[in-house]
Amino acid sequence: MAYIDYEYYKSLYGEKAIPEIDFNRLLWDAEREINKATSGVDGVKKLKVAFPTDEEDAEAVKRCVSELVSFLYKLEEAENNANSLGQYAETEDGSLKGKVISSHTAGNETISYAVGKSSETAINTAIKSVKDKEMVIYQFITSKLSGVSDANGVNLLFTGRYPYYARNK
């Protein structure tokens, strides 16, 4: 069961919505990442067990999924652009090092690159390595679902064992 459909997503994003074919492909990834972030040490997927019944909490989950789908799309585009335009150079350890154009001269074609923290964004951080990508996605999810509870009142970001009382309702 998907937490949202394309119609819900498109109603939020309007003209800024990604194409439906990309949405369908990325929805599974987004929901999987959210399920990983909201599962405790015992592996109980809180959203599958007890999707929030509180209107605000349910809306927070749906918006988180929508925003994560868009974020994953932007991340994918940035990775493709970085690889095709050579904005990142691969280092010996396999990570990517950013090359940001700081100046460009038309006569005799001069391009200067600057590498610095001022150009760092969540997207730039995430495309550097798989570990960084996972960290950015997790931080994204936790910022959106902080304080949100499932139908049994268990905080979605609680990482302990799912409470016995809630499991046996």
Side-chain angles (χ1 to χ4, degrees), residues 1-90 94-101 119-159 162:
M1 174 193 112
Y3 302 137
I4 63 169
D5 58 18
Y6 188 71
E7 293 308 312
Y8 174 86
Y9 170 81
K10 193 165 181 167
S11 72
L12 284 178
Y13 281 84
E15 292 179 11
K16 294 182 181 181
I18 65 173
E20 188 170 6
I21 193 164
D22 293 314
F23 170 85
N24 291 333
R25 180 175 44 80
L26 294 170
L27 178 62
W28 188 88
D29 294 334
E31 290 184 353
R32 186 174 186 315
E33 291 295 333
I34 290 171
N35 285 334
K36 283 186 339 189
T38 60
S39 295
V41 296
D42 53 3
V44 173
K45 296 176 182 167
K46 294 179 197 81
L47 292 172
K48 298 262 186 211
V49 170
F51 192 85
T53 52
D54 178 79
E55 200 174 308
E56 286 182 23
D57 288 346
E59 186 68 19
V61 172
K62 291 175 182 180
R63 286 179 182 258
C64 180
V65 174
S66 296
E67 291 175 35
L68 187 55
V69 166
S70 287
F71 181 76
L72 292 174
Y73 182 76
K74 290 175 188 173
L75 189 58
E76 203 173 69
E77 283 186 322
E79 287 172 335
N80 292 337
N81 289 338
N83 291 334
S84 67
L85 297 175
Q87 291 177 334
Y88 284 84
E90 191 167 340
S95 63
L96 297 176
K97 182 177 179 182
K99 298 190 306 185
V100 178
I101 297 174
S119 63
E120 288 296 305
T121 64
I123 298 287
N124 288 343
T125 299
I127 64 175
K128 289 181 184 175
S129 72
V130 173
K131 183 179 177 182
D132 288 340
K133 180 179 180 178
E134 289 174 356
M135 180 190 66
V136 168
I137 290 171
Y138 181 76
Q139 288 173 341
F140 181 90
I141 293 166
T142 57
S143 73
K144 301 296 179 188
L145 296 182
S146 179
V148 176
S149 298
D150 71 8
N152 293 323
V154 178
N155 189 302
L156 290 177
L157 300 177
F158 172 66
T159 58
Y162 198 73

Starting at NZ of Lys10, measure out to CD of Glu15 and round the result to the nearest 0.5 Å.
-> 9.0 Å
Is there a side-chain contact between Lys62 and Leu12 (heavy atoms, below 4.5 Å)?
-> no
Taking it one step at a time, do Trp28 and Arg32 satisfy side-chain contact (heavy atoms from CB on, under 4.5 Å)?
-> CA-CA 6 Å; Trp28 188 88; Arg32 186 174 186 315; 3.2 Å; yes
Any residue meeting side chain to side chain donor-acceptor pair (under 3.5 Å) with Tyr6, in chain and number order, not counting sequence neighbours = none
Rounded to the nearest 0.5 Å, what's the gap from OG on Ser149 to CG on Leu157? Could you check?
-> 9.5 Å
Run through Phe71, Tyr3, Tyr8 and flag the one making a side chain to side chain contact (heavy atoms under 4.5 Å, CB included) with Ser66.
-> Tyr8
Measuring from Asp150:CG to Leu145:CG, what's the distance to the nearest 0.5 Å?
-> 11.5 Å
Flag side-chain contact, heavy atom, 4.5 Å: Leu72 against Ile137 | yes
Are Asn155 and Ser146 side-chain neighbours, meaning at least one heavy-atom pair lies under 4.5 Å?
-> no
Specify the closest pair of heavy atoms between Ala50 and Asn152, including all atoms of both residues, with the distance to one decimal.
-> CB-ND2, 3.5 Å
Would you find a donor on one side and an acceptor on the other, under 3.5 Å apart, between the side chain of Thr142 and the backbone of Gln139?
-> yes
Sequence neighbours left out, what passes side chain to side chain donor-acceptor pair (under 3.5 Å) with Asp22? Give chain and number order.
-> Arg25
Do Val61 and Leu156 come close enough that some side-chain heavy atom pair is under 4.5 Å?
-> yes
Short question: side chain of Tyr9, backbone of Ile18 - any donor-acceptor pair under 3.5 Å?
-> yes
Derivation and outcome, salt bridge (charged side-chain N to carboxylate O under 4.0 Å, His left out), residues Lys74 and Glu77 = CA-CA 5 Å; Lys74 290 175 188 173; Glu77 283 186 322; over 6 Å; no
Does any non-hydrogen side-chain atom of Asp29 lie less than 4.5 Å from one of Leu26?
-> yes
How many angstroms lie between atom CD of Glu20 and atom CG of Leu27, to the nearest 0.5 angstrom?
-> 11.0 Å
Ignoring hydrogens and angles, tell me if any N or O in the side chain of Asp42 forms a donor-acceptor pair with the backbone of Tyr162 under 3.5 Å.
-> yes
All side chain to side chain donor-acceptor pair (under 3.5 Å) counterparts of Lys144, not counting sequence neighbours | Glu67
All heavy atoms of Leu75 vs all of Lys133, minimum pair found to be CD2-CE, 3.5 Å
Check: Asn35 main-chain N/O paired with Lys45 side-chain donor or acceptor under 3.5 Å | no
Approximate separation, where rounding is to 0.5 Å, of Asp5 CG and Phe23 CZ | 6.5 Å
